[in-house]
Structures are given as structure tokens and as C-alpha cells.
Amino acid sequence: MKPRIFSGVQPSGNLHIGNYLGAIQQWVQLQDEYEALFCIVDLHAITVAQNPEELRRRTFEIAKTYIALGIDPEKSHIFVQSYVKEHTELAWILNTLTKNGDLTKMTQFKSKTGVDFEESEGSVSFQEMKERFNSVGVGLFDYPVLMASDILLYDTNCVPVGDDQMQHLELTRTLARRFNKRFGETFIIPETRVLQDGSRIMGLDDAHKKMSKSALSEYNYIALHDELEMAKKKIMKAKTDSGLDITYSEDRPELKNLLTIFALLEKVSPEEIVLRYKGKGYADFKKGLALTVFSFLEAFQNKYATISDEEVRKVLYKGAEYASRIAQEKMKNVREKVGFWQ
Ligand code: AMP
Ligand code: TRP
């Protein structure tokens with residue numbers, strides 16, 4: 001039996017090349033070696049308000065995007081999280097093993113909400129922090145517990161994600177251990193898998209913040225559905241330092257980021273790209289990168305256009321059926337352990 005991987009993306013905005021290079025490209029490579037489950041996590045998306053029609057449309061589009069990026073539905077199982085009810089059931093049970101303090105220390109929660117109780121000793125008053133906390137939705141606070149459920153439900157061995165998810169994975173392991181200790185061996189302790197390069201693609205307009213679909217400026221990211229000319233323009237406008245040559249180093253973060261994107265898209269090492277542009281300047285380098293991005297997006301968008309809605313629907317039903325079988329069996333065991341009458 002092959003070991004299992006599980007991962008997911010929220011249908012809450014446009015996917016960008018950071019999502020692809022940090023997460024989905026890994027999935028494509030791993031689907032032969034592992035039994036793979038790829039989820040569209042709509043229950044996570046509604047932790048911030050979504051327009052219902054848009055959510056439904058985006059959920060479907062993400063499934064099509066997975067396939068267009070190279071997830072092969074003959075090998076991997078693609079499904080929608082809310083379709084498999086066991087995710088929320090397990091989340092409730094894991095909630096009873098989670099402390100508020102486990103969740104207030106989550107970096108993603110802190111940065112999304114501005115709630116950081118450690119900071120209340122510094123610049124922000126305790127009163128202000130309390131007000132911020134009181135206005136945050138419980139779903140957003142509880143988000144990592146639902147994510148732990150997604151993973152543990154399937155006896156997942158390995159979770160390929162970008163590095164912003166590492167702390168959530170750490171909590172997942174903690175909750176699995178707590179459950180196992182209290183009720184007996186039930187859950188596998190999953191590993192995190194992040195890339196050495198590319199686990200954090202930075203913004204094109206600011207190399208100190210990660211590329212994000214919720215960025216204020218559209219010059220921060222290259223969306224997979226960007227018009228090709230627009231994507232080129234974004235590369236040409238990407239911020240760089242005032243150096244003349246092309247080198248890969250920590251103290252040139254803008255250039256390092258562009259080199260990482262270039263190398264990952266071409267599946268070569270950054271050093272190889274550096275060598276290619278030896279003696280040349282930024283203009284040539286950016287033109288080369290723009291061309292590579294252009295070809296990648298063009299191939300993706302052409303493939304996307306050939307996938308029918310009917311095909312995606314079939315893939316999602318089949319995926320949900322497969323996932324449900326595993327999830328139902330697991331929950332039977334969990335209910336037994338917890339002491340539910342069944
Ligand atoms: P999200 O868009 O937050 O649902 O993220 C989906 C996946 O993409 C997760 O595995 C993230 O870690 C990954 N990801 C998101 N943004 C980036 C980025 N800028 N660089 C690398 N990976 C990313
Ligand atoms: N929290 C992840 C993100 O924002 C999405 C996610 C939800 C996920 N459940 C998961 C990723 C389970 C991996 C495994 O990117």
C-alpha cells in the first residue's frame with residue numbers, strides 16, 4: 001500500500017503562481033508515489049464572509065484548476081470538503097481537546113485579526129486587544145482544528161504545503177497525540193512537506209511579504225488566470241534592487257524571489273539561471289522570465305479551456321465517494337473510542 005498525502009486550497013480568491021509553486025507543483029510530482037487526496041476547503045473559506053454564488057463557482061473552478069495544473073483524476077482523488085460531513089464531526093471532537101491558548105498563538109490568526117495577547121504588554125493596550133478578540137468570528141479562531149480534522153480523518157502520512165502552514169501542521173500533530181494518549185492509538189502523526197526553495201514565494205511589489213491573493217495591489221501577484229500581456233507587464237514592473245548583475249543571494253531578496261520563480265517554472269536550479277544571464281542585465285533577465293511565465297500561463301489556460309464542466313462534476317462525485325468511504329470508517333472507530341452510542 002502506498003503512503004497517503006492530503007492537501008487543500010481555499011476557494012476564496014484567485015489562485016496565483018505562489019500557490020502553484022509552493023504547493024500544487026509538489027502535489028503533481030507526488031501523485032505517483034503516494035495515494036493522493038486533494039480537497040477544496042470551502043468550510044475554511046467561509047470563516048470569512050463569502051458570496052454564496054461566487055463560493056460555489058470558485059469551488060468548481062479550483063477543481064478544474066487542479067486538473068489543468070496536472071493533477072490526474074485517474075491517479076488522485078479530488079473532492080469538496082463540505083461534501084464529506086465527517087470533517088465537521090471530527091473537528092467538534094478535536095475542539096474538546098484544544099485549548100484556547102493553542103489557537104491564540106497561531107501566527108496566521110494573529111496576522112489575520114491583529115489579536116496578539118503577547119503584544120498587549122507593549123504598544124497595544126489589553127483593553128484594545130480584548131475588543132479586537134471579541135469581534136473575531138469563532139470560525140476563524142477555530143480554523144486550525146478543522147484543518148487538523150481534514151488531515152487526521154484520512155490517516156494522512158504527509159501534507160505538502162507552503163511554509164505558512166507549518167504551525168497548523170504542528171498543532172495537527174499535537175491534537176493527534178493528545179487524542180491517542182487519551183483514547184488509545186487512533187491517528188497517524190502526519191509529516192509536513194515543504195519545498196526548500198519556493199515554499200514562500202514573495203510579492204512582486206514587496207519581497208518582504210509573501211505573494212497573496214488578498215494583497216492590495218494586483219502587481220503583488222501573478223494570477224493563473226491573468227491575461228498573458230498583463231502577466232508580462234507585472235514581471236517587467238516587478239521591484240528589483242539597483243544592482244547591475246544577476247546573482248542569487250539572501251541580501252538581494254527581490255532578485256532571489258524572481259530567480260526562484262524562474263527556476264521552479266523551468267524545473268532547473270537557480271544557479272543555472274544565474275549562469276544563463278552571466279554578463280547580462282536586468283532587462284534581459286526580466287524579458288526571459290516574462291517569456292517563461294507567459295508560456296506557463298498560456299499552457300495552463302489552454303488546458304483549462306479544454307476541460308468540460310461535466311468532466312469536473314464526475315471527478316468531484318467520484319472523489320467525494322472515495323473520501324467518504326475512508327472518512328466514515330475512521331469516524332466509526334473514533335466514535336467507538338470516544339464512547340458514543342452507535
Ligand atoms: P491558500 O491560498 O491560503 O489556501 O493556500 C493554498 C496553498 O498554497 C497552501 O499550501 C499555502 O501554503 C500555499 N501558498 C500560499 N501562498 C503561497 C506563497 N506566497 N508561496 C508559497 N506557497 C504559498
Ligand atoms: N489552511 C490551508 C491554507 O490556507 C488550507 C487547508 C485546509 C489545508 N485544510 C488543509 C492544507 C489540510 C493542507 C491540509 O492554505
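In what follows, residues are counted from 1 in the order of the sequence shown. Counting convention: from 1, in listed order, for ligands and their atoms alike.
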May I ask which of [options] has a heavy atom nearer to [atom] than the others do?
atom                    : options               : answer
atom 13 (C) of ligand 1 : N19, V9, N14          : N19
atom 17 (C) of ligand 1 : P160, A215, G18, A45  : G18
atom 11 (C) of ligand 1 : I17, V161, N257, D164 : D164

What's the shortest distance from [atom] to any protein heavy atom, and which residue and atom give it?
atom                    : result
atom 1 (P) of ligand 1  : K213 NZ, 3.8 Å
atom 4 (O) of ligand 1  : Q10 N, 3.1 Å
atom 16 (N) of ligand 1 : H16 CE1, 3.7 Å
atom 10 (O) of ligand 1 : G162 N, 3.1 Å

Is there a polar contact, in the sense of an N or O pair closer than 3.5 Å, between [X] and ligand 1?
X    : result
M211 : yes
Q165 : no
S7   : no
D163 : no
I201 : yes

Pull out every atom of ligand 1 sitting under 4.0 Å from any heavy atom of [X], numbered as shown with elements.
X    : result
A23  : 7 (C), 8 (O), 10 (O)
S199 : 20 (N), 21 (C), 22 (N)
G22  : 21 (C), 22 (N)
R200 : 20 (N), 21 (C)

Task: ring-ring contact (aromatic ring centres under 6.0 Å, His included) partners of residues 237-260, not counting sequence neighbours, each pair once - done: none
- [ ] Mind jotting down which residue pairs meet the ring-ring contact (aromatic ring centres under 6.0 Å, His included) criterion with at least one end in residues 133-163? Sequence neighbours excluded, please.
- [x] F6-Y154, H44-Y143, F79-Y154, H87-Y154, F109-F141, F117-F133, F133-F141, Y143-H168
Task: Centroid separation F300 to Y20 less than 6.0 Å - done: no
Task: Side-chain hydrophobic cluster, 4.5 Å single linkage: members besides M230 - done: Y219
Decide, yes or no, whether a salt bridge links [X] with [Y] under the criterion of side-chain N to carboxylate O below 4.0 Å.
X    : Y    : result
E89  : K85  : no
D206 : K239 : no
R313 : E310 : yes
R132 : D116 : no

TODO: Please name the residue in the list Q167, M166, R173 that meets the side-chain contact (heavy atoms from CB on, under 4.5 Å) test with L169.
DONE: R173
Task: Qualifying residue for side-chain contact (heavy atoms from CB on, under 4.5 Å) with L90, from L153, L146, L175 - done: L153
TODO: Start with the C-alpha gap between K233 and E229, add the side-chain angles, then the distance that decides, and say whether salt bridge (charged side-chain N to carboxylate O under 4.0 Å, His left out) holds.
DONE: CA-CA 6 Å; K233 198 165 145 199; E229 285 308 320; over 6 Å; no
TODO: Could you label the plane-to-plane angle of the F38 and Y66 rings as parallel, tilted or perpendicular, counting under 30° as parallel and over 60° as perpendicular?
DONE: perpendicular
Task: Validation row: R4, D155 side chains within 4.5 angstrom (heavy atoms) - done: yes
TODO: Just do the side-chain contact (heavy atoms from CB on, under 4.5 Å) check on L258 and E254 with the steps written out, would you?
DONE: CA-CA 6 Å; L258 295 180; E254 290 89 4; 5.8 Å; no
Open item on the list: Strictly under 4.0 angstrom, heavy-atom based: which residues surround ligand 2?
Closed with: F6, S7, G8, Q10, V41, H44, Y143, M147, D150, I151, V159, V161, Q165
